[in-house]
Every structure is written in C-alpha cells, then in structure tokens.
Trainee: 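Let me begin by handing over the structure; questions about it come next.
Note: hydrogens, waters and symmetry copies are ignored here, and every other heavy atom, side chains too, is used. The shown structure was predicted, so the numbers you read here are calculated from the model rather than taken from an experiment. Just so we're on the same page: letters track the sequence lines, and every chain starts at 1.
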2 protein chains.
Amino acid sequence: MGRRRALEYDCAIRDVLDRIGDAWSVLVIMELSKGPCRFNALRRVIEAISQRMLSVTLRNLERDGLVSRQVLDTSPPQVEYSLTQRGASLHGAISHLAHWAETHQPGIRTSRAAYDAKEPIAS
Amino acid sequence: MGRRRALEYDCAIRDVLDRIGDAWSVLVIMELSKGPCRFNALRRVIEAISQRMLSVTLRNLERDGLVSRQVLDTSPPQVEYSLTQRGASLHGAISHLAHWAETHQPGIRTSRAAYDAKEPIAS
DNA sequence: CTGTATCCTCGTCGATACTG
DNA sequence: CAGTATCGACGAGGATACAG
C-alpha cells in the first residue's frame, strides 16, 4: 500500500499516516464529518480530486472501517458515504493536529521564509 | 516538496501532513525527541533510510524550524541535530495521534482482514 | 563525518474510456 | 449516478559517486 514501509519501529503511527498522509483522505474525512455525502457530491466539494482518487480513497477508508458505504435503493442507484464511529474518532484526533497546525502555521511560514532567504534557490 | 497541493481548503493541516506524512519525518522527530543526535547516529538508528532522504528530511524539518542544526567544532566536524521547542510541541501533537493509532490499530486490522476476505485479491 | 549531485527505476496519479 | 480498467507521464526516492 503506497510507499515502502519505513520500519517496524512505530507501526501504529505509520499505519495511520499511511492512510491520512496522502493528499485526499483528510479532506474526505473533514467533509464527511459534516454529514453523509454521496459520491459525486464529494467530487463537487473536493474539486481537484479525480474520480479515480476519490474512488480509491473511499475504498481505503472503508477498508479500515473509517467510512461506511450505504447503497440507496433509488433509481438511479445512489451511494451515500458517512463516517463510522471510528472515523469520527479519527476526525477528532486529526482536529487536534489541525489545531496545532493552525497555531503554529504563522511561525512555520516565518521560519521557511527566513530559511529560504539565506539559501537563495542555489542556481 | 512532494505531491501537488490538494486545495486551499484546509491549508494548515495540509502543511503539516505534507511535512510529517512522508515516511521519515515522524521517525526522525521521534528519535530526536529522545535527545540530540548526530547525522550518522540517526542513520544507524533509522536503518532503512538512505543518506539522501535523511539529508532531505532534516533540511525540511530545519526549514520549518522544527529541528535545529548545530555544527560542533571538532575534528572531524560533527553536526548535532535536536528538536526545537516547536519541534517538541509537534512531537506532542503527534504522540496524541500515535495514541489514537495504537488504540485503534487492532480494530483497523480486523476491519481490513474482514474487507480483504470479501474481496479476494481479484487475481 | 556530513553531506550534495547524478542517474535511473518504479510507483502514483490524472485522463480517458467503458460498465452496471 | 457510481464506479472500474487501462495507459502514459511525472516525480519521489534508492544507489552511487563525489566534495568539504
């Protein structure tokens, strides 16, 4: 799955990062945390995602029991995705990290700018 | 910097995940949280990492002000890396996620096994 | 010891076309 | 509407060689 396993070192955290470290999983989780959503509705909200990646991302999340997939018996058939309890729990944990990120983002941006200023693109 | 930016959507959290979502940053932070460490010492601890990736990872962490680089005036010259306060703070946030991971890993493994059992490798 | 530069492989993802 | 299959392009990263 994805990139080569780093080590046995800290399996648990790596498992999670392998899942949410990718570009889209977090966005999907964030969106689903607002409530259930159908496939194409998600596509519209997360504009930049390709059909393939949304499909892959949802399947992986479902596989880990973070998202549940409910086929609605309508015509044409619709599929509704929603966070499971575990998914909601992960959303909470992510929020914690997101809070850290928001708190420290200004400082990080400053650090980056300072660093880049000293190492001028090295052409 | 890795992959294409997803969206403006949730910049802060994406910034962090772009940094720690990769295979090595978390391991480096974990290791440095135990105390300062030199380049090759890190290499030995994180066996699977290539020289190049350790270098790249450390530089990125330094750029974000998460790790500080201290050149020791010895012969031959040595370089000691350590977590900054911000880095230590991030380590705390990661630990929170790691705790979630450890708590839920058994359930996730179970879910995966159940899922995979239903979708037999499709060869 | 602590890196950087180059090359090359291999996985990842977007585009496209097609199915239920 | 909700996907899957195939293909091709791109880029991350390992190996290696070299530099300070």
Side-chain angles (χ1 to χ4, degrees), chain A residues 1-7 17-25 27-28 32 36-63 67-82 115 118-123, chain B residues 1-7 17-28 32 36-63 67-82 118-123:
Chain A
M1 215 64 41
R3 78 197 65 220
R4 177 175 158 51
R5 149 92 357 84
L7 283 159
L17 287 175
D18 284 346
R19 174 74 28 260
I20 69 167
D22 75 271
W24 306 114
S25 296
L27 292 180
V28 170
L32 289 181
C37 198
R38 289 186 301 106
F39 189 86
N40 280 330
L42 280 172
R43 276 193 79 188
R44 277 188 296 275
V45 175
I46 311 175
E47 300 186 337
I49 199 170
S50 68
Q51 193 172 28
R52 192 183 107 90
M53 285 317 293
L54 179 55
S55 176
V56 169
T57 300
L58 285 170
R59 195 149 13 88
N60 281 331
L61 292 173
E62 187 195 358
R63 190 169 95 103
V67 159
S68 73
R69 180 174 181 275
Q70 171 84 4
V71 180
L72 304 179
D73 192 19
T74 59
S75 171
Q78 299 183 332
V79 180
E80 193 172 78
Y81 291 92
S82 54
Y115 188 95
K118 288 176 190 168
E119 313 244 339
I121 317 298
S123 67
Chain B
M1 217 78 30
R3 72 201 70 218
R4 177 174 157 52
R5 146 97 350 87
L7 282 160
L17 288 175
D18 284 346
R19 174 74 31 257
I20 68 166
D22 72 87
W24 306 113
S25 295
V26 168
L27 292 181
V28 170
L32 288 181
C37 198
R38 289 186 301 107
F39 189 85
N40 280 331
L42 281 172
R43 276 193 78 186
R44 278 189 295 274
V45 175
I46 311 174
E47 301 185 337
I49 197 170
S50 69
Q51 196 170 27
R52 192 182 108 90
M53 286 317 292
L54 179 56
S55 176
V56 169
T57 300
L58 285 170
R59 196 147 16 84
N60 282 331
L61 292 172
E62 187 195 358
R63 190 169 96 104
V67 159
S68 73
R69 180 176 180 276
Q70 171 85 3
V71 180
L72 303 178
D73 192 18
T74 59
S75 172
Q78 300 183 331
V79 180
E80 194 173 77
Y81 291 91
S82 54
K118 289 176 188 166
E119 314 241 340
I121 316 297
S123 69

Trainee: Can you measure A/I46 atom CD1 to C/dG14 atom P for me and round it to whole angstrom units?
Mentor: 12 Å
Trainee: Over how many whole Å does the gap from A/D73 atom CG to D/dC1 atom P extend?
Mentor: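 A/D73 atom CG is separated from D/dC1 atom P by 18 Å.
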Trainee: Please report the distance, rounded to the nearest Å, between CZ in A/F39 and C1' in D/dT4.
Mentor: 10 Å
Trainee: Toward the 5' end of DNA chain D, which comes first, B/Q51 or A/Q78, by nearest nucleotide?
Mentor: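 First, find each residue's nearest nucleotide; the 5'-ward one identifies A/Q78.
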Trainee: side-chain contact (heavy atoms from CB on, under 4.5 Å) for B/S55 and B/R59? Distances and angles first, verdict last.
Mentor: CA-CA 6 Å; B/S55 176; B/R59 196 147 16 84; 3.7 Å; yes
Trainee: Tell me which nucleotide among C/dT2, C/dG14, D/dA2 gets nearest to the side chain of A/N40.
Mentor: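 Ranking C/dT2, C/dG14, D/dA2 by closest atom to the A/N40 side chain puts D/dA2 first.
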Trainee: Under 4.0 Å from OP1 or OP2 of D/dC1: is there any side-chain N or O of A/R38 that close?
Mentor: no
Trainee: Side-chain donor-acceptor pair under 3.5 Å between B/S82 and B/S68, yes or no?
Mentor: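 Result is yes, a qualifying pair exists.
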Trainee: Could you check how far CZ of B/R44 sits from P of C/dT2, rounded to whole Å?
Mentor: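 About 8 Å, once rounded to whole Å.
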Trainee: Over all strands shown, is A/R43 touching base, sugar-phosphate only, or nothing at heavy-atom distances under 4.0 angstrom?
Mentor: nothing
Trainee: From the list C/dG14, D/dC1, D/dG14, which nucleotide is the closest neighbour of the side chain of B/W24?
Mentor: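 Nearest to the side-chain atoms of B/W24, counting from C-beta on, is D/dG14.
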Trainee: Check this one for me: any side-chain N or O of B/Y81 less than 4.0 Å away from OP1 or OP2 of C/dG3?
Mentor: yes
Trainee: Determine the sole option in A/I49, A/T57, A/L32 for which the side-chain contact (heavy atoms from CB on, under 4.5 Å) test with A/L42 is passed.
Mentor: A/L32
Trainee: Rounded to whole Å, please give me the gap between CG in B/N60 and P in C/dT4.
Mentor: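 Interatomic distance, CG of B/N60 to P of C/dT4: 11 Å.
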Trainee: How many angstroms lie between atom CE of B/M53 and atom CG of B/L58, to the nearest 0.5 angstrom?
Mentor: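 Interatomic distance, B/M53 CE to B/L58 CG, rounded to 0.5 Å: 10.5 Å.
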Trainee: CE of B/M53 versus C1' of D/dA12: gap in Å, rounded?
Mentor: 7 Å
Trainee: If I take atom CG in residue B/D22 and atom P in nucleotide D/dG14, what distance separates them, rounded to the nearest angstrom?
Mentor: 11 Å
Trainee: Would you tell me if any nitrogen or oxygen in the side chain of B/S55 comes within less than 4.0 Å of OP1 or OP2 on C/dT4?
Mentor: yes
Trainee: Nearest to the A/P76 side chain among D/dC1, C/dG3, C/dC1, which nucleotide is it?
Mentor: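 Nearest to the side chain of A/P76 among the choices is D/dC1.
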Trainee: How do A/V79 and A/R52 order along DNA chain D: which one's closest nucleotide is nearer the 5' end?
Mentor: A/V79
Trainee: Determine, step by step, whether A/R43 and A/N40 satisfy the side-chain contact (heavy atoms from CB on, under 4.5 Å) criterion, reporting the C-alpha distance in whole Å, the side-chain angles of both residues, the deciding distance to 0.1 Å, and the verdict.
Mentor: CA-CA 5 Å; A/R43 276 193 79 188; A/N40 280 330; 3.5 Å; yes
Trainee: Relative to the 5' end of DNA chain C, which residue comes earlier, B/P77 or A/I49, by the nucleotide with the nearest heavy atom?
Mentor: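 Here B/P77 is the residue nearer the 5' end.
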Trainee: Send over the distance from A/R69 CZ to D/dC1 C1', rounded to a whole Å.
Mentor: 12 Å
